[in-house]
Colleague: 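Have a look at this one.
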Amino acid sequence: MWAWKNGPMHSSDESLAADLDVVAEQLGRRPRGVIGVAYRTPDGQPAVITTAPRLPDGTPFPTLYYLTDPRLTAEASRLEVARVMAWMTDRLGADEGLAADYRAAHEHYLAKRDEIEDLGTDFSAGGMPERVKCLHVLIAYALAEGPERVRLGTEAVALAAEHGGLRGTAVSEDWPTTEELGISLSDFDFSNAEANR
C-alpha cells in the first residue's frame with residue numbers, strides 16, 4: 001500500500017490567485033470555475049485543478065479534475081498516440097475486477113462532484129465507466145485522489161512518469177512504477193508520439 005499525501009488545496013485567497021496565474025500560463029488562457037489546486041508537483045507547480053461543476057456563466061462543466069501541467073499533458077497525449085487508451089479499454093472488457101474498479105472510480109467521481117453541486121447527471125468524465133477515452137482526465141483524477149483510487153489512472157501516471165522521465169519533478173518519487181504494476185513501455189508503439197517532442 002502506498003502512502004499518498006497531497007496537502008490542502010490552498011491556505012489563502014492570495015495563494016489561489018498566484019496559482020491561477022501559473023495555471024493561466026500553463027494553459028495559455030485564464031481558467032474558469034477553479035475551486036483550488038488538487039495536485040501540486042514535487043517541484044512545486046500546480047498540475048491539477050478542481051473545477052466547479054457549473055462555470056460562472058452557468059454552463060455545466062462535468063470535469064471535476066483538470067490536468068494543467070504541460071509536461072503531464074504532453075505525456076498524456078503521447079500515451080494516447082501510442083494507443084494506451086485502446087489497450088485499457090480492451091482490458092476493461094476482459095477483466096471483471098478491473099471493470100469493477102473503474103465503475104467504483106466513476107461512482108466516487110460523481111459523488112465528489114455532487115458534493116460541490118449536483119448536475120443531475122450520471123456522466124462523469126473520460127469515458128467512465130464503459131471505456132477509456134481521455135488519459136488527461138484519468139491522470140488528473142489519479143493525481144488528485146492518489147494511486148489507490150482508480151487503477152487505470154494509476155497506470156497512466158506511471159507510464160507518463162517513466163516515458164517522460166517525470167518522476168521526482170512532475171510525479172512523486174513514491175508513485176507506483178510500471179514494473180510494480182506489471183506494465184512494460186515496450187508493449188506500446190511510441191514511434192508516432194516521439195515526432196511531437
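Keep in mind that the numbers below use all heavy atoms, side chains included, and drop hydrogens, waters and symmetry copies.
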Colleague: Within this structure, what is the CG-NE2 distance for the pair Asp101 and His108, rounded to the nearest 0.5 Å?
Modeller: 11.5 Å

Colleague: Taking atom OG1 of Thr63 and atom CZ of Arg113, what is their separation to the nearest 0.5 Å?
Modeller: 8.0 Å

Colleague: Answer whether the closest heavy-atom distance between the side chains of Thr59 and Arg54 falls below 4.5 Å.
Modeller: no

Colleague: To check you understand the geometry: which heavy-atom pair defines the closest contact between Pro31 and Val23, and what is its length?
Modeller: CG-CG1, 3.7 Å

Colleague: Restricting to non-hydrogen atoms, name the atom on Pro129 and the atom on Tyr102 that form the minimum distance, rounded to 0.1 Å.
Modeller: O-CD2, 3.2 Å

Colleague: Are Arg40 and Asp19 ion-paired here, with the side-chain N under 4.0 Å from a carboxylate O?
Modeller: yes

Colleague: Identify whether Leu135 and Val137 are in the same connected component of the hydrophobic contact network (ILVMFWY, side-chain heavy atoms under 4.5 Å).
Modeller: no

Colleague: Are Leu92 and Leu138 joined in one hydrophobic group, where the rule is that I, L, V, M, F, W and Y side chains link up if heavy atoms are under 4.5 Å apart?
Modeller: yes

Colleague: What residue pairs, at least two apart or across chains, pass side-chain hydrogen bond (donor to acceptor under 3.5 Å, both in side chains) with a residue in residues 124-144?
Modeller: Ser77-His136, Glu80-His136, His106-Ser124

Colleague: Indicate yes or no for a side-chain donor-acceptor contact from Thr154 to the backbone of Pro147 under 3.5 Å, with no hydrogens or angles considered.
Modeller: yes

Colleague: Give the cluster check for Ile35 versus Leu67: same hydrophobic cluster or not, with ILVMFWY residues linked at side-chain heavy-atom distances below 4.5 Å.
Modeller: yes

Colleague: Would you say Val48 and Val22 are hydrophobically clustered, going by side-chain heavy atoms of ILVMFWY under 4.5 Å?
Modeller: no

Colleague: Could you check Leu159 against Leu181 for side chain to side chain contact (heavy atoms under 4.5 Å, CB included), going step by step and ending with a plain yes or no?
Modeller: CA-CA 10 Å; Leu159 285 164; Leu181 296 170; over 6 Å; no

Colleague: Side chains of Thr50 and Val37, heavy atoms from C-beta outward: is any pair under 4.5 Å?
Modeller: no

Colleague: At what distance, to the nearest 0.5 angstrom, does CD of Gln26 lie from CG of Asp21?
Modeller: 11.0 Å

Colleague: Do you know the tightest heavy-atom contact between Gly168 and Glu173?
Modeller: CA-OE2, 3.5 Å

Colleague: Could you tell me whether a side-chain N or O of Thr178 sits under 3.5 Å from a main-chain N or O of Leu185, the two making a donor and an acceptor?
Modeller: no

Colleague: Any sub-3.5 Å donor-acceptor pair from Thr177's side-chain atoms to Glu180's backbone N or O?
Modeller: yes

Colleague: Between OH of Tyr39 and OG1 of Thr68, what distance do you get to the nearest 0.5 Å?
Modeller: 11.0 Å

Colleague: Any chance you could measure Thr51, atom OG1, to Tyr66, atom OH, to the nearest 0.5 Å?
Modeller: 9.0 Å

Colleague: Grab the two heavy atoms, one from Thr169 and one from Thr41, that are nearest each other, plus how far apart they are.
Modeller: O-CB, 3.3 Å

Colleague: For the residue pair Thr89 and Val132, what are the closest heavy atoms and their distance?
Modeller: OG1-N, 2.9 Å

Colleague: According to the interplanar angle, ranging from 0 to 90°, do the rings of Trp87 and Phe188 count as parallel (below 30°), tilted (30 to 60°) or perpendicular (above 60°)?
Modeller: perpendicular

Colleague: Are Leu152 and Val157 in one and the same hydrophobic cluster, where Ile, Leu, Val, Met, Phe, Trp and Tyr link if side-chain heavy atoms are under 4.5 Å apart?
Modeller: yes

Colleague: Closer than 3.5 angstrom, by distance alone: can the side chain of Tyr109 be matched with the main-chain N or O of Phe123 as a donor-acceptor pair?
Modeller: no

Colleague: Can you tell me if CD on Glu117 sees more than 12 non-hydrogen neighbours from other groups inside 6.0 Å?
Modeller: yes

Colleague: Using 0.5 Å steps for rounding, measure from the CD1 atom of Ile139 to the OG1 atom of Thr73.
Modeller: 9.0 Å

Colleague: Output yes when a side-chain donor or acceptor of Glu75 lies under 3.5 Å from a complementary backbone atom of Leu166, and no otherwise.
Modeller: no

Colleague: Checking Arg83 against Asp90 for the salt bridge (charged side-chain N to carboxylate O under 4.0 Å, His left out) test, could you report, in this order, the C-alpha distance in whole Å, the side-chain angles of both residues, the deciding distance, and whether it holds?
Modeller: CA-CA 11 Å; Arg83 301 193 38 79; Asp90 288 347; over 6 Å; no

Colleague: Only pairs at least two apart or in different chains count here, so list each salt bridge (charged side-chain N to carboxylate O under 4.0 Å, His left out) that has a residue in residues 149-168.
Modeller: Arg91-Glu155, Glu145-Arg149, Arg151-Glu155

Colleague: Kindly give the heavy-atom pair with the smallest separation between Leu79 and Ala160, and that separation in Å.
Modeller: CD1-N, 3.8 Å

